[in-house]
Amino acid sequence: IMKTFAPMTPREGRRAAELWALTPDLHHLNHGSFGGAPLVVNEYQDQLLEQARTNPVRWFCELPDRIAEARGRIAHQLGADPDTVALVPNASGGASALYHHLASRGPINVMVTSHGYGAVVMGAQRLARVTGGEFHEVAIPLDASAELVLELVDHALSARRIHLLVVDQITSATARAFPTAELCDLGHAHGALVLVDGAHAPGVLEQPVETRADVWVGNLHKFWCAPHGAAALVRNNPDLDLYPLIDSWSAPDPFPARFDYQGTLDATPWLCAPVAHDHLGTELGWAAIREHSALS
């Protein structure tokens, strides 16, 4: 049965779709792929890029402070402690920062589920391979209940020594919501670190950050609707001394400031991310967006 839903209405009474620069004769249903930034956000990014192009020396000299300010706003919007939040280009890049850190620890046995995102899973496979560890995948039926998910993961963890458990918050390929809080407790009970891939959580969940994870990563360019190349990493475990994948002049700084300046990397998506969140919150309301998305 085909269902239809009334379009959301911004403050001015227009159709919500008119907030975006998307091709009008196409129905853009998948913000979970590459997202799409609203017009206001695109215009703001254009202004930032103009500043970078017309006065690059000033732009890059002032950039660390501007990123730190944006990072603080993003942390507040995520409901996280600013001292735990670092900005990364995408969730896969955040996962890679953790993999890079663990690569020097010796054999790392990694476990993922059959619902894992391809790029994150491939990084986990490489981590196990280069450290001389083992890679394991837990098969989770598509219709598995939360209880069965926990039972299957517990059984798999009990059968072998796992150093890193990688689980999805909302799976990319299958749109499953996993019980990440309980999975984190389960992983820790078996002596494993836990990485939660929350690529699809920001904007979809009211409280997207999984605080029980050692590291959580989430994209801001999907449902949050920031420009492409904006994501957050939240480090809840201070024993993990994480660094960005690009070493630059902020490398000697403590976490998370060392992530703020990565050479000539385009930082405008990070600066636009809090603007995107506030804009949609004002025009449509995040509670209404989530309710509408759940219905459709």
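These figures come from a predicted structure and were not determined experimentally.
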Q) Tell me, do Leu280 and Ile289 make a side-chain contact under 4.5 Å, heavy atoms counted? A) yes
Q) CG of Asp266 to CG of Leu49: how many Å apart, nearest 0.5 Å? A) 5.5 Å
Q) Do we get Arg126 above Tyr99's six-membered ring, with its NZ or CZ under 6.0 Å from the centre and within 45° of the axis? A) no
(Q) The test is side-chain hydrogen bond (donor to acceptor under 3.5 Å, both in side chains); show your working for Asp154 and His190 and say whether it passes. (A) CA-CA 9 Å; Asp154 185 29; His190 285 278; 2.7 Å; yes
(Q) I'd like to know if Arg212 and Asp185 make a salt bridge, using a cut-off of under 4.0 Å between side-chain N and carboxylate O. (A) yes
(Q) Within the structure provided, determine whether Met111 and Leu157 are in side-chain contact (heavy-atom separation under 4.5 Å). (A) yes
Q: Please name the pair of heavy atoms, one in Trp216 and one in Ala201, separated by the smallest distance, quoted to 0.1 Å.
A: CZ2-CB, 4.3 Å
Q. Less than 4.5 Å apart, any side-chain heavy atom of Val167 and any of Val194?
A. yes
Q) Are side-chain heavy atoms of Trp224 and Gln77 found at a separation under 4.5 Å? A) yes
Q: Kindly compute the distance separating OG1 (Thr264) from CD1 (Ile246), expressed to the nearest 0.5 Å.
A: 7.5 Å
Q: Over 60° means perpendicular and under 30° means parallel, so classify the ring planes of His277 and Trp286, tilted if in between.
A: parallel
Q) Is there a donor-acceptor contact under 3.5 Å from the side chain of His188 to the main chain of Cys184? A) yes
